[in-house]
Participant: 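Quick one: the structure is below, and I'll ask about it shortly.
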Amino acid sequence: MTKAAEIDIVSVSKIYGQTTAVHSISLKIPAGTYCCLLGPSGCGKTSTLRMIAGHETISTGDIRLGSKVVTDLPPARRGTAMMFQSYALFPHLDLVDNVAFSLKMKGVDKAQRQAKAMEMLTLMQLEPYATRKPAQLSGGQQQRVALARALITDPEALLLDEPLSALDPFLKIKMRAELKKLQTSLGISFVHVTHSQEEAMALADLIVIMNDGKIEQAADPRTVFEQPATAFVARFMGDHNVISGKVGEVTSSGIRLDVVGGGSFLATGRPGELGAPVDIAVRNDRVLIGEAPAPGLGFTGIVSNVEYRGSTVKLLVNGAGIEDFTVILSDTDFYAQPITVGQALPLHWGAGDVIVLGRLDS
């Protein structure tokens, strides 16, 4: 296998006519990293992946793979391979010829390319199906053929565009484990586009969260989960409540945030200027039921929804100028003292469970 190489994206933009799809992003993906580009539809993640692959021209900036600037190179000369969402297998060819196709295009002789294709099919545990056509395979098997075809060129990085989106939920989980195992054994970088937070958390060493063509945060999964950088990240990852307001007071350890027409809350962290807009985040599984032990660390609201989720129960609470504040309780705690819609509920959290969020420069 080819040695893995670092991917360095330097001030890269993509402009389509009047629309800027990617706004001057910079990102280093270390060699041998499983990187997930995560974000909602239209955030620029697929455009970024296609620019790394060479399937999309770069409007400004450069992309390096190892020591080589690949900005103007065609896809076949970059040292990357791309696996498309549709798999794009040839229906009339058997698996060996599907996998060997790129080597055929490079003029590799038949015996050599078929031997290499069988090697890749063996790696994917598909050698018993070598003479079958794609239509005779399951979705998961077709995906492994597409992976084998992408990997036969010994790329320094494999680029995957929503590779699990067409699979059923059980197969998704199985293929997720296979992708991670494959990346670990090959030792090359995988750059994987997804809009699934769960998929990114399960797979990535590095999660890059994109919004509106910009990078909101690039960090390991635990950092993204525990310390979201911005209100967008906290909301998109879904594990924090975001409270927005203005700085009512700067304290020795942080700030007091005032919600318009609502409550006041304390947060430790970077102090803002008095009156400046500010967002704070509270982990929804750290919220406790009961009166706050100190002012600014809780509020009383009305329960608007109760959702049973098996091992946990999700509550939505409105109050203190906040809508849809989420509380996650264990099912044991919930059923020991059931809560109903319309009930007034006092909530609180520890001082260490609230953080001041940053804001992207616009």
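These values consider heavy atoms only, across backbone and side chains, with no hydrogens, waters or symmetry-generated copies.
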Participant: Rounded to the nearest 0.5 Å, what's the gap from NZ on K172 to OG on S165? Could you check?
Facilitator: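 Between atom NZ of K172 and atom OG of S165 there are 6.5 Å.
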Participant: Does the side chain to side chain donor-acceptor pair (under 3.5 Å) test come out yes or no for H348 and E291, once each step is laid out?
Facilitator: CA-CA 6 Å; H348 70 276; E291 294 293 341; over 6 Å; no
Participant: Measuring from atom CZ of R132 to atom CG of L137, what distance do you get when rounded to the nearest 0.5 angstrom?
Facilitator: 6.5 Å
Participant: Do F325 and L316 have side chains that approach each other closer than 4.5 Å (heavy atoms only, starting at C-beta)?
Facilitator: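 No, every pair of side-chain atoms sits at 4.5 Å or beyond.
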Participant: Taking NZ in K68 as the centre, count heavy atoms belonging to other residues, nucleotides or ligands within less than 6.0 Å. Is the count above 12?
Facilitator: yes
Participant: Using a 4.5 Å cut-off on heavy atoms from C-beta on, say whether the side chain of P228 contacts that of M237.
Facilitator: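 Not touching, per the 4.5 Å side-chain cut-off.
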Participant: Going by atom types alone, do S264 and D258 pair a side-chain donor with an acceptor below 3.5 Å?
Facilitator: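 Result is yes, a qualifying pair exists.
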Participant: Can you name the closest pair of heavy atoms from A344 and T300 and give their distance?
Facilitator: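 Smallest heavy-atom distance, with atoms named: CB-CG2, 4.5 Å.
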Participant: Tell me whether E198 at atom CD has more than 12 heavy atoms from other residues, nucleotides or ligands lying less than 6.0 Å away.
Facilitator: no
Participant: Main chain of L93, side chain of N98: is a donor-acceptor contact present, judged purely on distance under 3.5 Å?
Facilitator: yes
Participant: Looking at G238, is its backbone amide N or carbonyl O close enough to the side chain of N284 to form a donor-acceptor pair, meaning the two atoms are under 3.5 Å apart?
Facilitator: yes
Participant: Provide the closest heavy-atom pair for V99 versus R149 in the form atom of the first, atom of the second, distance.
Facilitator: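 Looking at all heavy atoms of both residues, the shortest contact is O-CG, 3.8 Å.
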Participant: Work out which heavy atom in L147 is nearest to a heavy atom in L158; give both atom names and the distance.
Facilitator: CD2-CD2, 3.7 Å
Participant: Is the CD atom of Q136 crowded by more than 12 outside heavy atoms at less than 6.0 Å?
Facilitator: yes
Participant: D212 and K214: salt bridge (Lys or Arg N to Asp or Glu O under 4.0 Å), yes or no, with the steps?
Facilitator: CA-CA 6 Å; D212 198 23; K214 297 175 183 173; 5.8 Å; no
Participant: In sequence, state the C-alpha distance, the side-chain angles, and the governing distance for R64 and E6, and then conclude on salt bridge (Lys or Arg N to Asp or Glu O under 4.0 Å).
Facilitator: CA-CA 8 Å; R64 287 177 177 274; E6 177 182 84; over 6 Å; no
Participant: So, are D220 and R222 salt-bridged, with charged N and O less than 4.0 Å apart?
Facilitator: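 The answer is no: the pair does not qualify as a salt bridge.
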Participant: Does one hydrophobic cluster hold both L65 and I25, with members joined at side-chain heavy-atom distances below 4.5 Å?
Facilitator: yes
Participant: For the residue pair H192 and L203, establish whether any side-chain heavy-atom pair is separated by less than 4.5 Å.
Facilitator: yes
Participant: Where is the tightest heavy-atom contact between E226 and H240, given as atom of each residue plus distance?
Facilitator: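 Nearest heavy atoms, E226 then H240: O-NE2, 3.9 Å.
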Participant: With no hydrogens and no angle check, is any side-chain donor or acceptor of T33 less than 3.5 Å from a backbone partner on I29?
Facilitator: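 A pair under 3.5 Å: no.
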Participant: Hey, mind stepping through V313 and V306 against side-chain contact (heavy atoms from CB on, under 4.5 Å) and telling me if it holds?
Facilitator: CA-CA 7 Å; V313 177; V306 177; 3.8 Å; yes
Participant: Keeping N318 on the side-chain end and D324 on the backbone end, is there a donor-acceptor pair under 3.5 Å?
Facilitator: yes
Participant: What distance do L182 atom CG and L123 atom CG have between them, rounded to the nearest 0.5 Å?
Facilitator: 5.5 Å
Participant: Has the side chain of Q343 got a donor or acceptor atom that lies under 3.5 Å from a matching backbone atom of T340?
Facilitator: yes
Participant: Would you kindly check if the NZ (Lys) or CZ (Arg) of K174 is within the cone defined by 45 degrees around the ring axis of F170 and under 6.0 Å from the six-membered ring centre?
Facilitator: no
Participant: Side chain to side chain donor-acceptor pair (under 3.5 Å) between E162 and T194: does it pass, once the steps are laid out?
Facilitator: CA-CA 5 Å; E162 302 216 28; T194 180; 5.5 Å; no
Participant: Looking at every non-hydrogen atom in both residues, tell me the closest pair between G140 and L167 and how far apart they are.
Facilitator: N-CD2, 4.2 Å
Participant: Taking the side chain as C-beta and beyond, is there a heavy-atom pair between T20 and K14 under 4.5 Å?
Facilitator: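 Answer no - side chains too far apart.
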Participant: Can you find a heavy atom in the side chain of T230 that is under 4.5 Å from one in the side chain of L357?
Facilitator: no
Participant: Test of understanding: clusters of I, L, V, M, F, W, Y form through side-chain heavy atoms closer than 4.5 Å, transitively. Do L345 and W349 belong to the same one?
Facilitator: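 Same hydrophobic cluster.
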Participant: Does E127, at its CD atom, have more than 12 non-hydrogen atoms belonging to other residues, nucleotides or ligands within less than 6.0 Å?
Facilitator: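 More than 12 within 6.0 Å, yes.
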Participant: Under 3.5 Å, is there a donor-acceptor pair between the side chain of K314 and the main chain of R309?
Facilitator: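 Flag not set: sc K314 to bb R309 has no pair under 3.5 Å.
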Participant: What distance do R286 atom CZ and N241 atom CG have between them, rounded to the nearest 0.5 Å?
Facilitator: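 Going from the CZ atom of R286 to the CG atom of N241 covers 13.0 Å.
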Participant: Taking K45 for the side chain and G39 for the main chain, is one N or O donor matched with an acceptor at less than 3.5 Å?
Facilitator: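 Yes, because the side chain of K45 sits within donor-acceptor range (under 3.5 Å) of the backbone of G39.
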Participant: So L121 and L95, do their side chains get closer than 4.5 Å, heavy atoms only?
Facilitator: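 Heavy-atom side-chain distance check passes, below 4.5 Å.
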Participant: Does the distance from a Lys or Arg side-chain N to an Asp or Glu carboxylate O, for D279 and R359, drop under 4.0 Å?
Facilitator: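 The answer is yes: the pair qualifies as a salt bridge.
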Participant: Quick check: does any side chain N or O of S59 sit under 3.5 Å from a backbone N or O of I15, one acting as donor and the other as acceptor?
Facilitator: yes
Participant: By the definition side-chain contact (heavy atoms from CB on, under 4.5 Å), identify the one residue from R176, M175, K181 that meets it with E178.
Facilitator: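 Filter result, single survivor: M175.
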Participant: How long is the gap from CD1 on I52 to OG1 on T80, to the nearest 0.5 Å?
Facilitator: 8.5 Å
Participant: What orientation do F232 and F236 show, parallel under 30°, tilted 30 to 60°, or perpendicular over 60°?
Facilitator: parallel
Participant: Taking the six-membered ring for Trp, are Y308 and F334 closer than 6.0 Å centroid to centroid?
Facilitator: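 Ring centres of F334 and Y308 not closer than 6.0 Å.
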Participant: Is it true that T153 and K106 share a donor-acceptor pair across their side chains at a distance under 3.5 Å?
Facilitator: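 Short answer, no.
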Participant: Would a distance-only check, ignoring hydrogens and angles, find a side-chain to backbone donor-acceptor pair under 3.5 Å from R78 to T71?
Facilitator: yes
Participant: Could you report the tightest heavy-atom contact between S13 and S24, atom names first, then the distance?
Facilitator: OG-N, 2.8 Å
Participant: Cluster question for you: counting only ILVMFWY and a side-chain heavy-atom cut-off of under 4.5 Å, with indirect links fine, are L159 and F190 together?
Facilitator: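 Cluster IDs for L159 and F190 differ.
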Participant: Assess the side chains of D94 and T131: does a donor N or O sit below 3.5 Å from an acceptor N or O?
Facilitator: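 No, T131 and D94 have no side-chain donor paired with an acceptor closer than 3.5 Å.
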Participant: Going only through I, L, V, M, F, W and Y residues with side-chain contacts under 4.5 Å, is there a path from V356 to V242?
Facilitator: no
Participant: Do L186 and L179 sit in one hydrophobic cluster, given that two such residues count as connected whenever their side-chain heavy atoms are within less than 4.5 Å of each other, even indirectly?
Facilitator: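 Yes, L186 connects to L179 through the hydrophobic network.
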Participant: As an exercise, state the distance from NE2 of H23 to OG1 of T60, rounded to the nearest 0.5 Å.
Facilitator: 11.0 Å
Participant: For residues V247 and L257, determine if any side-chain heavy atom of one lies less than 4.5 Å from a side-chain heavy atom of the other.
Facilitator: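 They are not in contact (no side-chain heavy atoms under 4.5 Å apart), so the answer is no.
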Participant: Got V208 and C35 here, is their nearest side-chain heavy-atom distance under 4.5 Å?
Facilitator: yes
Participant: NZ of K180: more than 12 outside heavy atoms within 6.0 angstrom?
Facilitator: yes
Participant: Can you tell whether the side chains of D154 and K116 come within less than 4.0 Å, N to carboxylate O?
Facilitator: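 A salt bridge is present here (some side-chain N lies under 4.0 Å from a carboxylate O).
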Participant: Run K133 and D97 through salt bridge (Lys or Arg N to Asp or Glu O under 4.0 Å) and show every step you take.
Facilitator: CA-CA 10 Å; K133 304 274 173 59; D97 287 341; over 6 Å; no
Participant: Kindly say whether G32 contributes a backbone atom to a donor-acceptor pair with the side chain of Q183 at under 3.5 angstrom?
Facilitator: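 A pair under 3.5 Å: yes.
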Participant: On the 0 to 90° scale, with breaks at 30° and 60°, tag the F299-F265 ring pair as parallel, tilted or perpendicular.
Facilitator: perpendicular
Participant: Please lay out, stage by stage, how S47 and E56 fare under the test side chain to side chain donor-acceptor pair (under 3.5 Å).
Facilitator: CA-CA 7 Å; S47 293; E56 205 71 75; 5.3 Å; no
